[in-house]
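Since the structure comes first, as structure tokens, the remarks are kept for the end.
Note that the numbering runs from 1 along the sequence shown for the chain. Note that the structure is predicted; figures quoted are calculated from it, not measured. All ligand and atom numbering here is 1-based and tracks the order in the structure. Just so it is clear, the values below take in all heavy atoms, side chains as well, and ignore hydrogens, waters and symmetry mates.
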Amino acid sequence: MSARRTGDRRFEPLKTERLILRRWRPSDRTPFAAINADPQVMEYFPSRLTPEQSDASIARIEAHFDRHGFGFWAVEIPHFTPLAGFIGLSVPRFEAHFTPCVEIGWRLGRQYWGRGYATEGARAALAWGFERLQLSEIVSFTVPHNWRSRRVMENIGMTRDPNDDFRHPALADTHPLSCHVLYRCDRSAFARSRFSNTDP
Ligand SMILES: CC(C)(COP(=O)(O)OP(=O)(O)OC[C@H]1O[C@@H](n2cnc3c(N)ncnc32)[C@H](O)[C@@H]1OP(=O)(O)O)[C@@H](O)C(=O)NCCC(=O)NCCS
């Protein structure tokens with residue numbers, strides 16, 4: 001019997017003030033394909049995705065949930081949209097100096113940008129990773145020019161050491177998107193920031 005059917009608490013939706021982070025549904029395919037076909041959303045990725053590639057990435061995300069008990073959640077914004085994109089945790093498939101690791105990542109449709117949704121969902125996902133999964137560290141990475149994403153990383157308390165910068169092994173060294181910055185957050189830093197946030 002699948003973990004979902006046994007009522008495993010790891011698979012319950014994660015709720016924030018404005019968002020529901022949940023497992024994927026067949027009805028998410030069409031809106032997710034539109035997000036993955038948008039050149040602005042995919043500006044810092046090697047290519048946009050075809051609808052088939054977009055469906056395949058949902059299938060990979062769902063397989064990741066089944067294998068690891070976590071993954072990139074579908075983001076629902078009640079009273080606004082059933083699918084705004086994804087936010088969540090994932091185990092990168094490539095090897096680098098910081099792997100194996102768990103990364104936190106996000107991708108939202110352009111119409112949902114600039115309202116703090118990524119920061120809100122990412123904060124909840126980070127807390128879930130440290131508190132529920134008891135992870136010792138969570139990383140995130142992107143190309144240096146992706147300032148929106150870097151701001152989300154910084155807003156949730158992640159920090160960058162330039163010595164951690166790396167070239168993405170899936171891309172040729174000469175590729176314009178090869179260079180990446182790495183941000184990290186460890187559980188003790190997370191706990192300290194939680195404590196200081198609740199300090200009067
Ligand atoms: C990255 C992404 C998820 C951010 O979503 P979002 O909901 O708009 O994020 P938030 O509103 O929570 O925060 C965005 C931050 O970027 C800042 N920002 C926006 N445009 C910016 C720009 N051009 N330069 C620098 N910072 C910028 C905002 O001011 C905000 O920071 P602040 O809260 O400190 O003011 C969204 O832009 C996206 O899906 N991008 C495409 C996919 C992608 O690149 N994913 C990340 C791959 S690593």
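With distances taken over non-hydrogen atoms, the option nearest atom 27 (C) of ligand 1 out of R148, R110, H180 is R148. Closest to atom 47 (C) of ligand 1 by heavy atom, among F45, Y44, W147, Y112, is F45. Counting only non-hydrogen atoms, the option in S140, G109, S149 that gets closest to atom 1 (C) of ligand 1 is S149.
A salt bridge between R18 and E120 is present, with a side-chain N of the basic residue lying under 4.0 Å from a carboxylate O of the acidic one. Note on R23 versus D28: no salt bridge recorded, every NZ/NE/NH1/NH2 to OD/OE distance being 4.0 Å or above. In summary, R184 and D164 engage in a salt bridge, as defined by a charged side-chain N under 4.0 Å from a carboxylate O.
The nearest heavy-atom contact from the protein to atom 26 (N) of ligand 1 is R151 CG, 3.6 Å. Nearest protein heavy-atom neighbour of atom 8 (O) of ligand 1: G114 N, 2.7 Å. At the top of the distance list for atom 45 (N) of ligand 1, counting protein heavy atoms only, stands W106 O, 2.9 Å.
Taking the ring axis of W147 as reference, the NZ or CZ atom of R150 stays within 45° of it and closer than 6.0 Å to the ring centre.
Relative orientation of the F72 and F86 rings is parallel, given thresholds of 30° and 60° on the angle between their planes. Using cut-offs of 30° and 60° on the angle between ring planes, the pair H180 and F166 is tilted.
For a threshold of 3.5 Å applied to N or O pairs, the pair formed by V41 and ligand 1 contains no separation below that value. Of the N or O atoms in N155, one or more lie within a sub-3.5 Å distance of an N or O in ligand 1.
Of the heavy atoms in R115, only backbone atoms (N, CA, C, O) come closer than 4.0 Å to ligand 1.
Annotation: salt bridge (Lys or Arg N to Asp or Glu O under 4.0 Å) contacts of R160 (sequence neighbours excluded): D165.
Of all atoms in ligand 1, listed by their number and element, those nearer than 4.0 Å to a heavy atom of F141 are 48 (S).
Close to ligand 1: G116, with a non-hydrogen atom less than 4.0 angstrom away.
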